[in-house]
Amino acid sequence: MEETNRETKRRLLDGRYLRMARIWAENSYCKRRQVGALVVKDKMIISDGYNGTPSGFENVCEDENNVTKPYVLHAEANAITKLARSHNNSDGATLYVTASPCIECAKLIIQSGIKRVVYGETYRLDDGIRLLERAGIDVVLLDK
């Protein structure tokens, strides 16, 4: 009974943080897809990110053919690199992201010490999810 109550509370928190990540995605200037991410540790948001261009670049993610520019950063990468510039670390943290991570972001997640990833929709490729699972990271798809 107590375990079920703990799971229910965790699922409620997961839903709240994922909704916050969706709101954070609205900060993205990308037209094709807006993605948001939050890194949470001990029930505190320690970093956030959304997909977009690097600091100092124009806030235009797509070229004239509506193709994403190669230097656009993913939300997960933005959140993790933001941590590198802070006094926080992500050891044991949970990453909430609106779309499942690609393989490049999965590598960053593994190296950053994040132990759990909760995502809201599946990206067309699942190689990032498979890599995270192979690394022993708890991966959760949280349906709307």
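Here, residue 1 is the first one in the sequence, and each next residue gets the next number.
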Check: Tell me, do L95 and E76 make a side-chain contact under 4.5 Å, heavy atoms counted?
Finding: yes
Next item on the list: Please examine the side chains of V35 and V97, heavy atoms only from C-beta on, and report whether any two atoms are closer than 4.5 Å.
Entry: yes
Next item on the list: Please say which of Y119, Y17, W24 ends up in a ring-ring contact (aromatic ring centres under 6.0 Å, His included) with Y96.
Entry: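 Exactly one pass, corresponding to Y17.
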Notebook entry, point to check: Any ion pair linking K107 and E104 (charged N to carboxylate O, less than 4.0 Å)?
Noted result: yes
If we ignore hydrogens and angles and just use 3.5 Å, is the side chain of [X] paired with the main-chain N or O of [Y] as donor and acceptor?
X   : Y    : result
K41 : D91  : yes
S90 : S112 : yes
N51 : S28  : no
T98 : G36  : yes

Check: How would you list, by chain and number, every residue that makes a side chain to side chain contact (heavy atoms under 4.5 Å, CB included) with E64, sequence neighbours excluded?
Finding: none
Note to self: Tell me every residue that passes side chain to side chain contact (heavy atoms under 4.5 Å, CB included) with L125, counting only those two or more places apart in sequence or in another chain.
What the structure shows: Y123, D127
Next item on the list: Could you tell me which non-hydrogen atom of A79 sits nearest to which non-hydrogen atom of G49, and how far apart they are?
Entry: CB-N, 3.9 Å
Note to self: Nearest 0.5 angstrom please: N88 CG to I45 CD1, how far?
What the structure shows: 12.0 Å
Item checked: Option passing side-chain hydrogen bond (donor to acceptor under 3.5 Å, both in side chains) with T68 (candidates R32, E62, K31, R33) ->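 Of R32, E62, K31, R33, side-chain hydrogen bond (donor to acceptor under 3.5 Å, both in side chains) with T68 is met by R32 alone.
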